[in-house]
Engineer: 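Please see the structure below; I have some questions.
Quick note on labels: first sequence line is chain A, next is B, and so on, each numbered from 1.
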Amino acid sequence: MTGMADRAGWTPFEQAVGRVLDDLEPGDVVTYGEVAAEAGFPGAARAVGSMLGRRTDAELPWWRVVAANGRLLAGHEARQAELLHQDGIPVSDGRIGLGGSEGR
DNA sequence: CCCCTGACTAGAA
DNA sequence: TTTCTAGCCAGGG
């Protein structure tokens, strides 16, 4: 295998988003708006989230995607926090980054 | 074809 | 600080 997922049947939007997520590297985090803009669909942040929620079974690094306010995914906060932590990204109180010692 | 929902964002109150 | 509104794209009924 060439290391690629079965993107057959994916819409241009999904393929574009999947490519952006796949282009990310360990330790990197982006927001829905960033992914949408990089994919060529600025403002389609909702479509990105909606798609990821529907393609959760895919090998897309959904955990590297967070909300614009730095908030993690509702219903997957602990899950994403753990995955982000494995990528070397500090998470505190359901939020990313900030150094970890700013004390709320 | 029409209407609503959704792992969203930015701005205003 | 929180809450609400308008805008954006895709999918399902």
Engineer: Are there more than 12 heavy atoms of other residues, nucleotides or ligands under 6.0 Å from atom CD of A:Glu38?
Structural biologist: no
Engineer: Rounded to whole Å, please give me the gap between CZ in A:Arg71 and P in C:dT3.
Structural biologist: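 Atom CZ in A:Arg71 sits about 13 Å away from atom P in C:dT3.
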Engineer: Roughly, in whole Å, what's the span from CZ in A:Phe13 to P in C:dC9?
Structural biologist: 10 Å
Engineer: CZ of A:Arg71: more than 12 outside heavy atoms within 6.0 angstrom?
Structural biologist: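 Above 12, so yes.
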Engineer: Is there side-chain contact between A:Val65 and A:Tyr32, with heavy atoms separated by less than 4.5 Å?
Structural biologist: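 Yes, close enough: below the 4.5 Å cut-off.
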Engineer: What pairs with A:Glu34 under salt bridge (Lys or Arg N to Asp or Glu O under 4.0 Å), at least two apart in sequence or on another chain?
Structural biologist: none
Engineer: Report the C-alpha distance between A:Val91 and A:Glu77 in whole Å, list the side-chain angles of each, state the deciding distance to 0.1 Å, and finish with yes or no for side chain to side chain contact (heavy atoms under 4.5 Å, CB included).
Structural biologist: CA-CA 10 Å; A:Val91 181; A:Glu77 299 174 0; over 6 Å; no
Engineer: Please say whether more than 12 non-hydrogen atoms of neighbouring residues, nucleotides or ligands are located less than 6.0 Å from CD in A:Gln15.
Structural biologist: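 Enclosed: over 12 neighbouring heavy atoms sit under 6.0 Å from CD of A:Gln15.
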Engineer: In whole angstrom, give the distance that lies between atom CZ of A:Arg95 and atom P of C:dT1.
Structural biologist: 8 Å
Engineer: Between P on B:dA7 and CD on A:Glu77, what's the gap in Å once rounded to a whole number?
Structural biologist: 13 Å
Engineer: For nucleotides 8-13 of chain B, give me one character per nucleotide, 5' to 3': B if any protein heavy atom sits under 4.0 Å from the base, S if the only such contacts are to the sugar-phosphate, - if neither.
Structural biologist: BSS---
Engineer: With heavy atoms under 4.0 Å as the rule, sort A:Thr56 into base, sugar-phosphate or nothing.
Structural biologist: base
Engineer: Please report, rounded to the nearest Å, how far the C1' atom of C:dC9 is from the CG atom of A:Leu52.
Structural biologist: 13 Å
Engineer: What is the distance, rounded to the nearest whole Å, between atom CE of A:Met51 and atom C1' of C:dG12?
Structural biologist: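 Spelled out: CE on A:Met51 to C1' on C:dG12 is 17 Å.
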